[in-house]
Structure formats: structure tokens, C-alpha cells
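Given the structure is predicted, the values throughout are model-derived calculations rather than measurements. Lettering follows sequence order; numbering is per chain, from 1.
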Amino acid sequence: MKRKRVKELLSGQATGEKVLVKGWVRTKREIKNVAFVALNDGSTINNIQIVIDINAFPSDLLRDITTGASLAVTGTLVPSQGKGQSVEITASEVTLYGKCDPETYPLQKKGHSMEFLREIAHLRFRTNTFGAVMRIRHAISFAVHKYFNDRGFYYLHTPIITGSDAEGAGEMFHVTTLDMENIPRTKEGKVDYESDFFGKPTNLTVSGQLEGELGALALGEIYTFGPTFRAENSNTPRHLAEFWMIEPEMAFWDITDNMDLGEDFTKYLIRYALDNCREDLEFLNKMIDNALIERLEFVLANSYMRLTYTEAVEILEKANRKWEYPVGWGRDLQAEHERYLVETHFKRPVILTDYPMSIKAFYMKQNDDGRTVRAMDVLFPGIGEIIGGSQREEEMDKLTGRIEELGLPLKDLWWYLDTRRFGTAPHSGFGLGFERLILFMTGMSNIRDVIPFPRTPRNAEF
RNA sequence: UCCUCAGUAGCUCAGUUGGUCAGAGCACCUGACUGUUAAUCAGGGGGUCCUAGGUUCAAGUCCUAGCUGGGGAGCCA
């Protein structure tokens, strides 16, 4: 007999047909003559109830059916006599695949703290919360590809290992095959990278953007979706050393097109989750964050507030409150300022544009005023910056001028500058931190709990 | 990296001015219960009080350092 998934069984009618189901025991409740087993196979947050006649099965088999044990059950799918579920399976055959010693199995029927579950991240997928989060993470990943594919964007695989150290997005992890116990040195006493695997220093990527621009200036619209690495010593609920980033890059798009994309894209993904992950979202809404679904629907129902950095600074200066960090034109906005704009002043997502040139990256398009650039940051409630992007500087003189001002190694960027040298064109793009988006979509509060295996300073377990 | 809070049973925690302080709930085990829903009821086992020093007649409790974790900040996505 072919196995049926719990999701399929629960969505059908109790026809009295014979079915085979396999999964892991969540709970077992025994009373005098009958045992109830809640079985889950990961296909849905819901369990199917298995009803076992205690007198019809060997007692040592029943004893081994404990939380976490894996079973195959054959039985008839019938209407449930109890409340709480519409169908259940009356077991006729039960096979135990794997026992699960209740004395040592760390997961209990009762709730656990997120901190404890993080210590047993190899087992936490078996909880309702992490099952829901991982199913949503999958669905949104799929929706990202669907969104771009449906709109003619090409998925470009930018490199994980990079020889470029000019991205300037943060501290990098070195990639090397040199013997760390016996590092080869040049005559001058420096590390001899000539003998390293690539013959030069290499790192894990901090962004696929520069390579993404190369693709966009030939293919039109591209996007990347891959792992990204930052060796920053950041210990916060919003930072990971290894995270996934989505970076679309579009030739002939200006900053307004870019903002439209950022808003439409994030709304599409939220809509996708509401349409396709309803049960998981309802569970998270009930157990993790009571305002989750309301907040998702609110974001969909309103347009994002768009204003310039200069306008934002004026609002903050007029705001009747004390800032821990001073507000003033030319200073970068701090978390407290962004939070005020999003959560107190506008009460919806905000897109800030036209930041001072001095606080933004070299590749951003310079405005005619000579002091601002066409940057755009999308700020979300609870998370802060979820998207950072810009129209890119396509004029060679202005771009190289800026690179020199900042003292970046011009000659290492020869390949990037070739796009401006040969058939340059206006173009735009942005980066979206995937885990931050999942944080927003699930109502979880720590980024370590929305990625299967979190990497943070001093932690690379599992 | 900085600020701050915490670390006691498998989990979540209580433990007062240093002196019967080794505790509770849940989990687990045993038993009861004729359909349970985080079942219920009765009983039972279970401890490196984070680590290393120090103060004291006496330290889970006070002091110092370290480790680990949470929250906030910076950096950013």
C-alpha cells in the first residue's frame, strides 16, 4: 500500500478506506482500553489521531510508542468520535521503526524556550514552531523564484568565493588552503599567497551585487539568491555570519522603478504566504505573535511611505522627543530614528531615498545637487532596514572619482569599470536579507530561529 | 565590540538580611480511569546550585575573574 501524507488524509473525507501513514509520535494518551497517538510527518502542522485498541496489541509495542518514536500505521480512516479533529485512523497494524527513549529525548510534550531549542537545533525541526517556520521559509524561497521568473528576470549564480575585496559591505572570511600551523612567507615576511589555492587572497562573498551588475548589463533583469557571509562581531537578534540574500539588478531601471519593485516584491511574498501557508501562520499567530496576521494584512493594504532622507531629518528634528543619538543632516539615521518613523510617525513601511553621499557606498548614482545619492532603504516595523538599494552610478568619471575619494583600490575593480567603459547604461538594484523577511513573516523574534543552522560569532554547531 | 540582566533537577523557575535551603510545577516512571485533546487523579525516582579563586565559624546567597545565554546599542541585510 502506498503511504499517504497526513496533510492529504486530514483534507479528505472519512471514507472508511484502508490507509497507510508514517510519521513521528507527538503525544500518546492512554486510558483504560484505548490509546490515542498524535502522529506528525512534517507535511502539515496538524497531527493525525491514531486510535489503538490496547487489548489488540502487544504491551511492549505500546510501551515503546513514546514521544519522538517513528511509526508506520495501517488502519481505516473514520470520522472521529472525539472533538478536536474530524477524522482519525483506527489502527489495524502498527510497525515501530525507531524507539525514542523518553528518559533522554530532550523534547517534551510541553513547550520549550527558544534558547533551549537553539541548543538542540538538530532536533528542533520536530517542534510545531520550527516545522511552521521551515515550511514558510521554503514557500517564500519558492515564491522568490516564481516572482522573478514570471517577470522575465534571470537567476544569476554569482560566486561564493571571491577574489574581490572592494565590495566594502563588511568584514570578510578568508578562504585558504594554506597550512595555518606553518604559513608560507615571502622574503618580506608577508603571507605568500602565491602558493595558496587561487594564487591570491580570496574570501567568502559579502554581496553578489557587483557581479550582478555585470549580468544585468547584458541580460537586462537578473537576480541572485544565495548565501552571503559577514565576519562582523555582531551579536544581535537581527544578524547572522551566514545568511541568504536576494539581489535583483535591472538595466534601464531608475530609482523609482527600483522602489516600485521593492514594494511590489515584498507585498507579493507576503500575499503568497497568506495564501499558501495559512495553517502555519495561524499557529504562529496563536502561539508566537498575536498581531502577526493582522500586521501582514496591514502591510498589504497600505502603500509604503516614500520620502527623502532630508524630509525624514526634518520630521525627526520637529519630533517632540529626546534622542540618544543626535539628529542632523549628514548624520546616519540610528535605529531609534528609523523606528520612530516607521512605528510611531507613519505607522507603516517607509522607503527613504536620496541619502547624503558621504554615508553611502561608492557605486550609488550621484544626484545633481552634488551632495546626495539615489539610495533607497526600505524600513519595516520591528526589523528596521530590510532592503538596501540604489540606482547605480553609470558615468565613468563620477564613479572613479568617488572610488578615489574613498581610497578604494581602483585597479582591482577593472572588470567592474569595464561595464561603464563599454556601453554603460542606467541601472538599479537592491539587496534583501532573506532571514529578516522571514522574521517579519513569521513573527519570530530572533533571526537564529528562522534559519535551520544559524552561524553567529563563536557558534558553528551542527 | 560596548552596556545590562541571568546561569539551581531533563525543561521553566522559587530560594528573603549569609545560618534545616536542596524546593515547586511540568516532563519521566508506576498505578487508577470505558474516547482522550498540553487528559485527569495518586505515588515514585531524579542535583558538579556554570567554572576557578576569595571573604567568613558558616556561601546557592557576598567579592573578583572567566565561560555561556537573553535584552539593548554599534556595524549592517
Would you indicate what [X] reaches in the nucleic acid, counting non-hydrogen atoms under 4.0 angstrom: base, sugar-phosphate, or nothing?
X: A:Ile386; answer: sugar-phosphate
X: A:Ile383; answer: nothing
X: A:Ala35; answer: nothing
X: A:Tyr325; answer: sugar-phosphate
X: A:Asn235; answer: base

- Message: Any N or O donor-acceptor pair under 3.5 Å from the base of B:rC76 to the side chain of A:Ser234?
- Response: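 Such a pair does not exist between side chain and base.
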
For [N], the Watson-Crick or wobble counterpart (both distances under 3.5 Å):
N: B:rC62; result: B:rG54
N: B:rC76; result: none
N: B:rA14; result: none
N: B:rG44; result: B:rC28
N: B:rC21; result: none
N: B:rG69; result: B:rC5

When the [atom1] atoms of [N] and [M] are considered, how many whole Å apart are they?
N: B:rU12; M: B:rA27; atom1: P; result: 15 Å
N: B:rC33; M: B:rA42; atom1: C1'; result: 12 Å
N: B:rC3; M: B:rU56; atom1: P; result: 31 Å
N: B:rA14; M: B:rC75; atom1: P; result: 35 Å
N: B:rU8; M: B:rG44; atom1: P; result: 26 Å
N: B:rG35; M: B:rC29; atom1: C1'; result: 25 Å
N: B:rA9; M: B:rC50; atom1: P; result: 8 Å
N: B:rG47; M: B:rC5; atom1: P; result: 33 Å

- Message: Is the terminal nitrogen or CZ of A:Arg151 (NZ for Lys, CZ for Arg) located under 6.0 angstrom from the six-membered ring centre of A:Tyr268 and within 45° of that ring's axis?
- Response: yes

Please produce a list of atom pairs where a protein N or O lies less than 3.5 Å from an N or O of nucleotides 35-37 of chain B.
residue : atom : partner : partner atom : Å
B:rG35  : O6   : A:Gln81 : NE2          : 2.8
B:rG35  : N1   : A:Glu88 : OE2          : 2.9
B:rG35  : N2   : A:Glu88 : OE1          : 2.5
B:rG35  : N2   : A:Glu88 : OE2          : 2.9
B:rU36  : O2'  : A:Arg29 : NE           : 3.4
B:rU36  : O2   : A:Arg29 : NE           : 2.7
B:rU36  : O2   : A:Arg29 : NH2          : 3.1
B:rU36  : N3   : A:Gln49 : OE1          : 3.0
B:rU36  : N3   : A:Gln49 : NE2          : 3.1
B:rU36  : O4   : A:Gln49 : NE2          : 2.5
B:rU36  : O4   : A:Gln85 : NE2          : 3.1
B:rU37  : O2   : A:Gln85 : OE1          : 3.2
B:rU37  : N3   : A:Lys83 : O            : 2.6
B:rU37  : N3   : A:Gln85 : OE1          : 3.4
B:rU37  : N3   : A:Gln85 : NE2          : 3.3
B:rU37  : O4   : A:Lys83 : N            : 2.7
B:rU37  : O4   : A:Lys83 : O            : 2.5
B:rU37  : O4   : A:Gln85 : NE2          : 3.4

- Are any of A:Lys28's side-chain N or O atoms less than 4.0 Å away from OP1 or OP2 of B:rA39?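 The answer is no; no side-chain N or O of A:Lys28 sits under 4.0 Å from OP1 or OP2.
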
- Report yes if at least one side-chain N or O of A:Asn233 is closer than 4.0 Å to OP1 or OP2 of B:rU1; otherwise report no. yes

Roughly, in whole Å, what's the span from [atom1] in [X] to [atom2] in [N]?
X: A:Glu30; N: B:rA39; atom1: CD; atom2: C1'; result: 12 Å
X: A:Phe173; N: B:rC76; atom1: CZ; atom2: C1'; result: 14 Å
X: A:His239; N: B:rA73; atom1: NE2; atom2: P; result: 11 Å
X: A:Met444; N: B:rG71; atom1: CE; atom2: P; result: 12 Å
X: A:Glu338; N: B:rG74; atom1: CD; atom2: C1'; result: 13 Å
X: A:Lys109; N: B:rC28; atom1: NZ; atom2: P; result: 5 Å
X: A:Glu103; N: B:rG44; atom1: CD; atom2: P; result: 17 Å
X: A:Glu435; N: B:rC76; atom1: CD; atom2: P; result: 19 Å

Restricting both atoms to N or O, compile the protein contacts to nucleotides 11-15 of chain B shorter than 3.5 Å, with distance only.
residue : atom : partner  : partner atom : Å
B:rU12  : OP1  : A:Ser113 : OG           : 2.8

Look at the aromatic rings of [X] and [Y] and report parallel, tilted or perpendicular, splitting at 30° and 60°.
X: A:Tyr155; Y: A:His157; result: tilted
X: A:Trp323; Y: A:His337; result: perpendicular
X: A:Trp244; Y: A:Phe225; result: perpendicular
X: A:Phe153; Y: A:Trp253; result: perpendicular

- For residues A:Tyr304 and A:Thr266, is any side-chain donor paired with an opposing acceptor at under 3.5 Å? yes

- Task: Return yes if a side-chain donor-acceptor contact under 3.5 Å exists between A:Arg392 and A:Ser390, otherwise no.
- Result: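 Yes, a side-chain donor-acceptor pair sits under 3.5 Å.
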
- Note on the structure: Interatomic distance, CD@A:Glu249 vs CG@A:Leu156, rounded to 0.5 Å, equals 10.5 Å

Determine, for [X] against [Y], whether the closest basic-nitrogen to carboxylate-oxygen distance falls under 4.0 angstrom.
X: A:Asp289; Y: A:Arg295; result: yes
X: A:Asp260; Y: A:Arg306; result: yes
X: A:Glu8; Y: A:Arg5; result: no
X: A:Glu119; Y: A:Arg124; result: no

- Query: Between A:Thr27 and A:Gln334, who's closer to the 5' end of RNA chain B by nearest nucleotide?
  - Reply: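 That would be A:Thr27.
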
- Item | Position toward the 5' end of RNA chain B (nearest nucleotide), A:Gly388 or A:Thr66 | A:Thr66

- Message: From C-beta outward on A:Arg118, which listed nucleotide comes closest to its side chain: B:rU30, B:rC29, B:rG69?
- Response: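 Among the listed nucleotides, the one closest to the side chain of A:Arg118 is B:rG69.
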
- Item | Nucleotide of B:rC29, B:rG74, B:rG72 approaching A:Pro237 most closely (side-chain heavy atoms) |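 Minimum distance to the A:Pro237 side chain belongs to B:rG72.
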
